[in-house]
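One structure is given here, and the rest of the page talks about it.
Keep in mind that this is a model prediction, so the values were computed, not measured.
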Amino acid sequence: MTVTKSKTKTTNSLRFKIGLFYSLLALLNIIFFTVMIFENQSDLLLKNFQFQSENLANKILADLQAIGLTEERNETFEVFRKTLKLYDINNFTIFAADGRTWHTEPETTTETKPLVSEALIRKSKDVSSDKEGSLFKARYSLDLNEEDFTVDFLLPLRSATGEEVFLSTHFNIASIQERLKQLYIQVAYAVVWGVVFHLIFAILVYRAIFRRVGLLEVASKDMQDGNLKTRVTWNFNNEDELDTLGHSFNSMAEEIETKVNTITRLNDEINQELQIGKEVQELFLPTPKKYKKFKIGKLYRPMREVSGDLYQYFYFDEGDGKEFYAFFLADASGHGVSAALVTVVMAMSLQGIMKENHDPIFAINFLGETIANRLQASFFATGVFVILDEPGKVKFVNAGHNAPFMIRPSTKEITYIDSSGPPLGMGDDIQYSLVEFPVEPGDKIILYTDGVVETPLKDDGGLYGLDRFANLVLDNIDKPNSEIVEIAMADLDLVHEEYKDDVSIIILEIPE
């Protein structure tokens, strides 16, 4: 997988694409000019070859016509041989019209001289001067081989006795051969120069453009990886667009480093302040020592450092063996610091009013008026009071909060407690009512905030929901309350997409 990604990254690289495109253009350019040079020079060389062949044939004809050869290898033959040697012709055959070989050079060692080929005899008849119509025949035969610039030369001559004989030879024109060799060398030079030129140009382009682009790429990746001190460093003497871009990148990097450092410092300060706020907020949360007989199971998970959820426990000894227990759970609107401040106002107000008056209706009404008047309706909160002050009874005051429910383990019966009024802070003249329910020892009361039931799910995009939560508690109703809340939280962690609110759960068990 890594190799495939690396190959894909390489082929998508701008340097790779431009380099490949430039290499193809350079190759086509070298091939084109090489072919043009070779074709042009080849045409000139071929015309020169034809001209020199005709010229050389005429010279040989003029020089040999007056030499009267005999069938004997004598001084006349030596003159003939040396004359041809002047033209770099060292191999030839002299034969008669009937195909008998007179002389060969180099000389053959056989006693009987062989006949020449039938094709050569037929060809000799075409240039023979003894045949009728010889005035219109060619004085010699030249067969030009354009591939290797060699010549097959057939020349009719008169011997000393007046008999017609023929000179057959195969030779090359040294100047043409040398010129051909020079042409190949020039083409090779042209190719080498083309390669070197394009290579030098590619190096210059790389050094002028892609080296600096590469440095910018590396620096950008370093910035992406969190190295805010990275800068591009090269010689900024060109004063071109890339130098300007490099200066801009360095200025941008310096500005980003400064701002990130400032933000980091401020964030650290805010985190310190939030930590202090969390500790202050926790000071208002009750300790469960006086409430052990209710076997409280509690989950309190702020979405951020501080929470918009609040829970409070109240106990008062009213004398004559009567005891007053109240449990309060609230959820302020919003999240973070603003919601936490509302919970602090609520906690302070509740603790003050409950000490003076143990009436939860009075307390909840006073709390609603306080939030509405002091916060000018910018914030509101939902809350629910659970009061246990008489054996076999439980009382609820629900101010717009998520419906608490009770479960009787013996019958698996679930009872939901609806709201008895709007959320706290929606107005200062709202009156809430108290509802009563009979309870038995072992019955469980479940309080929760909307962070539980309104958590989005990652599978179907829906919400966790009250039915799922209630059924989960019911399925585990025989377990300890502390274990039930842990199971509920584990299920939330398993299926949630993200947490968008604080999560709080309180489970109370009616004591014996």
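Between Ser349 and Leu367 the shortest heavy-atom distance is CB-CD1, 3.9 Å. Taking each heavy atom of Ala399 and Ile364 in turn, the nearest pair found is CB-CG1, 4.4 Å. Considering every non-hydrogen atom in both Ser433 and Ile361, the closest pair reads C-CD1, 3.5 Å. Minimum interatomic distance between Asp502 and Val306 (heavy atoms only, all atoms of both residues): OD1-O, 4.3 Å. Scanning all heavy atoms of the two residues, the minimum distance from Ile510 to Glu440 falls at CB-O, 3.4 Å. The shortest non-hydrogen separation linking Ala470 to Tyr416 is CB-OH, 3.5 Å.
Here the side chains of Pro286 and Phe314 are not in contact, with every heavy-atom distance at 4.5 Å or above. Under the 4.5 Å side-chain criterion, counting only non-hydrogen atoms from C-beta, Pro404 is not in contact with Val386. Residues Ser504 and Leu329 form a side-chain contact, since some pair of their non-hydrogen atoms from C-beta on lies under 4.5 Å apart. A heavy-atom distance below 4.5 Å is not found between the side chains of Tyr499 and Asp501. Looking at heavy atoms from C-beta onward, Ile507 lies out of side-chain contact with Ile445 at the 4.5 angstrom threshold. With contacts defined as side-chain heavy-atom distances shorter than 4.5 Å, the pair Val439/Lys393 does not qualify. Contact check for Ile430 versus Asn365: no side-chain heavy atoms found under the 4.5 Å cut-off.
Other residues, nucleotides and ligands contribute more than 12 heavy atoms inside 6.0 Å of the CE atom of Met252. More than 12 heavy atoms of other residues, nucleotides or ligands sit less than 6.0 Å from atom CD of Gln275.
By the ring pair (Phe, Tyr, Trp, His ring centres under 6.0 Å) test, Tyr311 is found to be paired with Tyr300, Tyr313, residues two or more places apart in sequence or in another chain being considered. Under the rule for a side chain to side chain contact (heavy atoms under 4.5 Å, CB included), the partners of Glu269 that lie at least two apart in sequence or sit in another chain are Arg265, Leu266. Every residue two or more places apart in sequence or in another chain was checked for a salt bridge (Lys or Arg N to Asp or Glu O under 4.0 Å) with Asp475, and none qualifies. Every residue meeting the side chain to side chain contact (heavy atoms under 4.5 Å, CB included) condition with Val260, not counting sequence neighbours, appears here in chain and number order: Leu228, Ile256, Thr264. Every residue two or more places apart in sequence or in another chain that forms a side chain to side chain contact (heavy atoms under 4.5 Å, CB included) with Thr382 is listed here: Asp331, His401, Pro423.
Thr449 and Asp309 share a donor-acceptor pair across their side chains, judged by distance under 3.5 Å alone. Gln351 and Gln312 share a donor-acceptor pair across their side chains, judged by distance under 3.5 Å alone. If you check the side chains of Asn235 and Asn237, you find a donor sitting under 3.5 Å from an acceptor.
For Ser333 (side chain) and Phe380 (main-chain N/O), a donor-acceptor pair under 3.5 Å exists by modelled atom type.
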**OP:** Quick one: do Arg212 and Asp243 satisfy salt bridge (Lys or Arg N to Asp or Glu O under 4.0 Å)? Show the steps, please.
**Re:** CA-CA 9 Å; Arg212 291 183 287 174; Asp243 277 2; 2.8 Å; yes
**OP:** Starting from the C-alpha separation in whole Å, work towards a yes-or-no answer on ring-ring contact (aromatic ring centres under 6.0 Å, His included) for Tyr448 and Phe469.
**Re:** CA-CA 10 Å; Tyr448 58 93; Phe469 176 55; 5.4 Å; yes
Original post:
Given the rule in the salt bridge (Lys or Arg N to Asp or Glu O under 4.0 Å) test, do Asp450 and Lys500 qualify, once you have shown the distances and angles that lead to the verdict?
Top reply: CA-CA 10 Å; Asp450 56 8; Lys500 293 187 174 181; over 6 Å; no
**OP:** Just do the salt bridge (Lys or Arg N to Asp or Glu O under 4.0 Å) check on Glu486 and Lys479 with the steps written out, would you?
**Re:** CA-CA 11 Å; Glu486 290 178 0; Lys479 297 178 181 178; over 6 Å; no
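Ring-centre distance between His247 and Phe236: below the 6.0 Å cut-off.
Atoms CG and CG, from Leu245 and Leu216 in turn, are 5.0 Å apart once rounded to the nearest 0.5 Å.
His358 and Phe316 have parallel rings, their planes meeting at less than 30° on a 0 to 90° scale where 60° marks the start of perpendicular.
Salt bridge annotation for Asp493-Arg301: present, with a cationic side-chain nitrogen under 4.0 angstrom from a carboxylate oxygen. The pair Lys395-Asp389 meets the salt-bridge criterion, with a side-chain N (NZ, NE, NH1 or NH2) lying under 4.0 Å from an Asp/Glu carboxylate O. A salt bridge links Arg468 with Asp491: at least one charged nitrogen is closer than 4.0 Å to a carboxylate oxygen.
When each of Phe324, Phe328, Phe362 is paired with Met354, the side-chain contact (heavy atoms from CB on, under 4.5 Å) condition holds for Phe324 and for no other. The only member of Thr455, Ile487, Leu457 that meets side-chain contact (heavy atoms from CB on, under 4.5 Å) when paired with Leu492 is Thr455. The ring pair (Phe, Tyr, Trp, His ring centres under 6.0 Å) test with Phe327 singles out one residue from Phe294, Tyr315, Phe396, and that residue is Phe294.
Residues in residues 285-295 take part in these salt bridge (charged side-chain N to carboxylate O under 4.0 Å, His left out) pairs, two or more places apart or across chains: Lys293-Glu323, Lys295-Glu509.
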